[in-house]
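For ligands, and for the atoms within them, numbers begin at 1 and follow the listed sequence. Just so it is clear, the model here is predicted, and its values are computed rather than measured. No hydrogens, no waters, no symmetry mates; every other heavy atom, side chains included, goes into these values.
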Amino acid sequence: MVLEPDSVSDIEAMKTAERILECFREPLALRQGDVFVSASIGVACSPATDSPSPEELLRHADAAMYRAKDAGRNCIALFDASMLERATQRLTLETALYRALERQELTLVYQPIIDLQLGDVLGFEALMRWECEDGSTSSPAQFIPIAEETGIIVPIGAWALIEALTHLRTWIDAGICPETASMSVNVSPRQLHDPQFVSVVSEALSRTRVQPQQLWLEMTESIMITEPEQALAALRRLNTLGVRIAIDDFGTGYSSLSLLQSFPIQRLKIDRSFISGIADDVSARSLVKTILAMSDALGLDTVAEGVETARQLEALIDLHCAKAQGYLISHPVAPEQMRNTVISLEKFSQWPKYSD
Ligand code: C2E
Ligand code: MG
Ligand code: MG
């Protein structure tokens, strides 16, 4: 925090902020090598008349800082009143999210993943839903980023692991799915960097008596880029347990082929954006073909995400893609519906007779 009593105008305060930001352009020379640090700065001024209280002034600067972050980091934003409303909304959401776990407002829905050659259900992906107090349902795209930023993702993620594995255990015991079925759980970078994460995973497995080989942890390519050393160490420890790692939304991030080769991962999930054009667009099809060939050459398992039409499914089978999930196969469903969902998926084992 910088308090500048001498600035007499917004412009002067902005100039100070610019000078501060400028300092961050130089790398810090650490023993491990040069490190770059980015900064987001929010500026709030206290006019001579009608001045806000010190607490208010801080809140204003904070709201402006969030605006600067949203603008892509390494930015400066000057406070204006419209920012407060957004900050208040955000705070309400943050507080509600803190309570969501203890109030049992969070639930998981599950989407089956099938074997494209045999049509069998191989496993499930757990996807989080938040049924807010007012009865509305919030999508993870809205609340997961906030949970990540505030760190609430750590307890929420630990709960999701136990919950998903408990359901898998129940379905196996009830004969709803095969003994070997797997559960995929999405994991945020923040969770992976939590020193307790590996023991949380191992505890969840032993409590639910699920084999480590049946658990897939899905992470996006970003984990390979931010703090790669730390991520690498955590992934190795998870692999040692027997747990496997999938790269989610593959193809949408910035990971290089060399990172892909050096990270201990076992599965690529081809992002929906590539699958959507696969039936009609020659270049989309070539791209998927290339990803499949690369994945195969690296000895990785592949899952196609977001299959919505029978023609896409057909194209994937032609390309020898092994596994898929998507609305065509099944939407994510509540755990109580899984028995019926699995039964209705038997039609896929009669593929290729099955069509639109
Ligand atoms: P994701 O892991 O890539 O999950 C796939 C998303 O695509 C899900 O959205 C799913 O409902 C949706 N989807 C599945 N099939 C189709 C399809 O055929 N067409 C279309 N248009 N969409 C399809 P959802 O549930 O809204 O989740 C969004 C993202 O939020 C997930 O993407 C994942 O990154 C994150 N997320 C969800 N649950 C969790 C969680 O428990 N922990 C963490 N850290 N992230 C989660
Ligand atoms: Mg996923
Ligand atoms: Mg995905």
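- Applying the 4.0 Å criterion to heavy atoms of Q111 picks out, from ligand 1, the atoms 14 (C), 15 (N).
- If you check which protein heavy atom lies closest to atom 18 (O) of ligand 1, you get Y327 N, 2.7 Å.
- Residue R272 has at least one heavy-atom neighbour below 4.0 Å for each of these atoms of ligand 1: 19 (N), 20 (C), 21 (N), 22 (N).
- Residue contacts to the Mg ion (ligand 2): N186 brings an N, O or S atom closer than 2.8 Å.
- For E149 and R190, the salt-bridge test fails: no basic side-chain N is under 4.0 Å from an acidic carboxylate O.
- The distance from ligand 1 to the heavy atoms of L127 drops below 4.0 Å at these ligand atoms: 4 (O), 8 (C), 10 (C), 11 (O), 25 (O), 37 (C), 38 (N).
- Ranking the protein heavy atoms by distance from atom 32 (O) of ligand 1 puts D248 OD2, 4.5 Å first.
- Within a 4.0 Å radius of atom 45 (N) of ligand 1, the protein has at least one heavy atom.
- Residue pairs meeting the ring pair (Phe, Tyr, Trp, His ring centres under 6.0 Å) criterion with at least one partner in residues 138-162, sequence neighbours excluded, are W130-F143.
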For residues 284-296, which side-chain donor-acceptor pairs fall under 3.5 Å, sequence neighbours excluded?
from, atom 1, to, atom 2, distance (Å)
S286, OG, V282, O, 2.9
T290, OG1, S286, O, 2.7
S295, OG, T302, OG1, 3.1

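- Under a 4.0 angstrom heavy-atom cut-off, R129 registers as being in contact with ligand 1.
- Two different hydrophobic clusters hold M65 and L3 under the rule that ILVMFWY side chains link at heavy-atom gaps under 4.5 Å.
- A donor and an acceptor atom, one from each side chain of S199 and E203, are nowhere located under 3.5 Å apart.
- Atom numbering of ligand 1 starts at 1 in the shown order; those under 4.0 Å from a heavy atom of P332 are 11 (O).
- In summary, D301 and K323 engage in a salt bridge, as defined by a charged side-chain N under 4.0 Å from a carboxylate O.
- Protein non-hydrogen atoms do reach within 4.0 Å of atom 2 (O) of ligand 1.
- Residue-ligand proximity: E125 is placed with a non-hydrogen atom under 4.0 Å from ligand 1.
- Among all heavy-atom pairs drawn from E218 and E125, the shortest one is OE1-OE2, 2.9 Å.
- For Q325, the closest heavy-atom approach to ligand 1 does not fall below 4.0 Å.
- Ion pair R272/D249 not flagged as a salt bridge, since none of the NZ, NE, NH1 or NH2 atoms sits closer than 4.0 Å to an Asp/Glu carboxylate oxygen.
- For the residue pair E94/T150, the side-chain donor-acceptor check at 3.5 Å is not satisfied.
- Side-chain contact annotation: Q325 with E305, donor-acceptor N/O pair under 3.5 Å absent.
- Residue-ligand proximity, D249 to ligand 1, at heavy-atom distances under 4.0 Å covers atoms 3 (O).
- Only protein N, O or S atoms were considered, and those under 2.8 Å from the Mg ion (ligand 3) are D248 OD1, D249 OD1, E305 OE1, E305 OE2.
- Residues satisfying the ring pair (Phe, Tyr, Trp, His ring centres under 6.0 Å) test with F24, not counting sequence neighbours, are none.
- K15 has no carboxylate O lying under 4.0 Å from a charged side-chain N of E18, or vice versa, which leaves the two without a salt bridge.
- For atom 39 (C) of ligand 1, the closest non-hydrogen atom of the protein is N186 CB, 3.8 Å.
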Exercise for review: Any chance you could lay out the ring-ring contact (aromatic ring centres under 6.0 Å, His included) test for Y110 and W171, step after step, and finish with the verdict?
Suggested key: CA-CA 12 Å; Y110 299 89; W171 297 334; 4.9 Å; yes

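- By the definition of a contact as any protein heavy atom under 4.0 Å away, atom 6 (C) of ligand 1 is not in contact.
- Restricting E125 to its N, O or S atoms, the one at the least distance from the Mg ion (ligand 2) is OE2.
- Remark: minimum distance from atom 38 (N) of ligand 1 to any protein heavy atom is reached at M128 N, 3.0 Å.
- Counting atoms of ligand 1 from 1 in the listed order, those under 4.0 Å from a heavy atom of P140 are 24 (P), 25 (O), 26 (O), 27 (O), 28 (C), 30 (O), 36 (N), 37 (C).
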Check your understanding: When you look at S184 and I113, which way does the side-chain contact (heavy atoms from CB on, under 4.5 Å) test go after all the steps?
Key -> CA-CA 9 Å; S184 302; I113 298 174; 4.0 Å; yes

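- For ligand 1, the atoms closer than 4.0 angstrom to any heavy atom of E308 are 17 (C), 18 (O), 19 (N), 20 (C), 21 (N).
- Side-chain atoms of E4 and T16 form a donor-acceptor pair, as typed in the model, at a separation below 3.5 Å.
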